[in-house]
Undergrad: 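After the structure tokens below, expect a handful of questions from me.
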Number of protein chains: 2
Amino acid sequence: MTQRMREPTYFLLTALLDEPLHGYAIIGRAAELSGGRVRLATGTLYAALDRLTAEGFIEVVRTEIVNGRARRYYALTRDGGTALRAEAQIMAGAARLVLRFAGGVA
Amino acid sequence: MTQRMREPTYFLLTALLDEPLHGYAIIGRAAELSGGRVRLATGTLYAALDRLTAEGFIEVVRTEIVNGRARRYYALTRDGGTALRAEAQIMAGAARLVLRFAGGVA
DNA sequence: TTACATACGTAGATCATCGACATATGGTGG
DNA sequence: CCACCATATGTCGATGATCTACGTATGTAA
């Protein structure tokens with residue numbers, strides 16, 4: 001009962017902080033924000049979009065039809081923003097626990 | 001290929017920052033450090049101890065026999081400490097990404 | 001015409017974690 | 001005396017997010 005958000009999920013939500021994005025654009029934004037470290041796999045992305053929508057953390061705010069295929073734009077909901085900030089604070093606290101010791105960089 | 005350390009693993013290693021501890025004591029120390037939030041399940045703990053030992057992140061530094069049962073004390077290795085600090089810095093960076101926006105507490 | 005970026009999606013496998021169980025001792029409360 | 005909890009180690013099956021690899025389609029650059 002310790003389980004929380006995993007990194008791909010965290011960065012997916014973080015990617016939506018500025019503005020609504022469609023699925024594939026989220027991959028690029030997450031990579032950008034993480035300095036290239038987080039590369040969301042499409043299998044992770046589309047599964048997570050469905051899951052987070054069902055959880056009420058994100059929602060579809062616009063749908064375009066491009067080449068006969070739906071392009072959905074997702075936005076953070078209020079709950080999603082709250083959960084993300086809570087998660088960030090837990091992470092900051094956990095990081096502090098380790099870093100206050102040796103300030104030594106890895 | 002984004003996968004990193006999960007929270008129980010992170011707190012298991014953090015619990016060993018001060019001094020070597022035996023398995024069960026790690027549960028208490030992790031709970032203490034996290035303000036009661038992280039409650040390591042024994043299934044998680046003993047599996048993780050084996051895994052992290054195999055990975056070279058922790059090692060057995062002392063063994064006592066209590067009531068005919070081995071009590072093993074684990075310590076962080078150099079690699080384990082390095083990995084933990086690296087993880088902490090990634091977490092701090094990720095947290096900053098979200099918290100620099102609304103300083104608003106969750 | 002081959003290949004890559006864009007863009008959506010599915011399917012099977014992996015693996016850390018979880019909940020429940022098993023076992024044993026020592027202490028405390030009813 | 002007996003139930004329960006803390007201490008302590010450990011196993012087993014299930015869960016669930018993520019990963020790799022595949023499939024489809026268009027536009028564009030080499």
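Numbered from 1 within each chain, the chains take letters A, B, ... in sequence-line order.
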Undergrad: Are B:T44 and B:L12 close enough that some pair of their side-chain heavy atoms sits under 4.5 Å apart?
TA: no
Undergrad: C:dA16 C1' sits how many Å from B:F57 CZ, rounded?
TA: 14 Å
Undergrad: Is the shortest distance from a Lys or Arg side-chain nitrogen in B:R62 or B:E64 to a carboxylate oxygen in the other one below 4.0 Å?
TA: yes
Undergrad: Does OP1 or OP2 of C:dT17 have a side-chain N or O of B:R6 closer than 4.0 Å?
TA: no
Undergrad: Report the nucleotide, chosen from D:dT18, D:dT9, C:dA7, that has the shortest atom-to-atom distance to any side-chain atom of A:P8.
TA: D:dT18
Undergrad: Considering every strand and a 4.0 Å limit on heavy-atom distances, what is the contact class for A:A25: base, sugar-phosphate, or nothing?
TA: nothing
Undergrad: With salt bridge (charged side-chain N to carboxylate O under 4.0 Å, His left out) as the criterion, how do B:R37 and B:E7 come out once you've worked through the C-alpha distance, each side chain's angles and the decisive distance to 0.1 Å?
TA: CA-CA 11 Å; B:R37 201 172 38 73; B:E7 198 182 45; 2.9 Å; yes
Undergrad: Figure out the CE/C1' separation between B:M5 and C:dC15, and round it to whole Å.
TA: 15 Å
Undergrad: Find which nucleotide of DNA chain C each of B:E55 and B:T42 is nearest to by heavy atoms, and output the residue with the more 5' nucleotide.
TA: B:E55
Undergrad: Round to a whole Å and report the spacing from CD of B:E64 to P of C:dT25.
TA: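 Whole-Å distance recorded here is 18 Å.
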Undergrad: If we only count heavy atoms from C-beta on, is the B:Y73 to B:T63 side-chain gap below 4.5 Å?
TA: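 No; the side chains remain at least 4.5 Å from each other.
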Undergrad: Categorize B:G43 for me: base, sugar-phosphate, or nothing, with a 4.0 angstrom heavy-atom threshold over every strand shown.
TA: base
Undergrad: Would you mind reading off the distance between A:L13 atom CG and D:dA17 atom P, rounded to a whole angstrom?
TA: 13 Å
Undergrad: Give the rounded distance in Å between these two atoms: CD1 of B:I26 and P of D:dT7.
TA: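 To the nearest whole Å, that distance equals 15 Å.
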Undergrad: At under 4.0 Å, does any side-chain N or O of A:T9 touch on OP1 or OP2 of D:dT18?
TA: yes
Undergrad: Does D:dA8 have its OP1 or OP2 closer than 4.0 Å to a side-chain nitrogen or oxygen of B:R69?
TA: no
Undergrad: Can you tell me how far P of D:dA8 sits from CZ of B:R29, to the nearest Å?
TA: 15 Å
Undergrad: To the nearest Å, give me how far apart CZ (A:R39) and P (D:dT18) are.
TA: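 After rounding, the gap between these two atoms is 16 Å.
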Undergrad: May I ask you to verify if any side-chain N or O of A:T44 is less than 4.0 angstrom from the OP1 or OP2 atom of D:dC19?
TA: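 Yes, A:T44 has a side-chain N/O under 4.0 Å of OP1/OP2 on D:dC19.
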Undergrad: B:I58 and side-chain contact (heavy atoms from CB on, under 4.5 Å): which partner among B:L49, B:D79, B:D50?
TA: B:L49
Undergrad: Check the distance between D:dA17's P and A:L45's CG and give it to me in whole angstrom.
TA: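 Checked: the CG to P distance equals 15 Å.
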Undergrad: Below the 4.0 Å mark, does C:dC8 have OP1 or OP2 next to a side-chain nitrogen or oxygen of A:Y46?
TA: yes
Undergrad: Counting only side-chain nitrogens and oxygens, does B:R51 get under 4.0 Å of the OP1 or OP2 atom of C:dT17?
TA: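 For C:dT17, OP1/OP2 do have a side-chain N/O of B:R51 under 4.0 Å.
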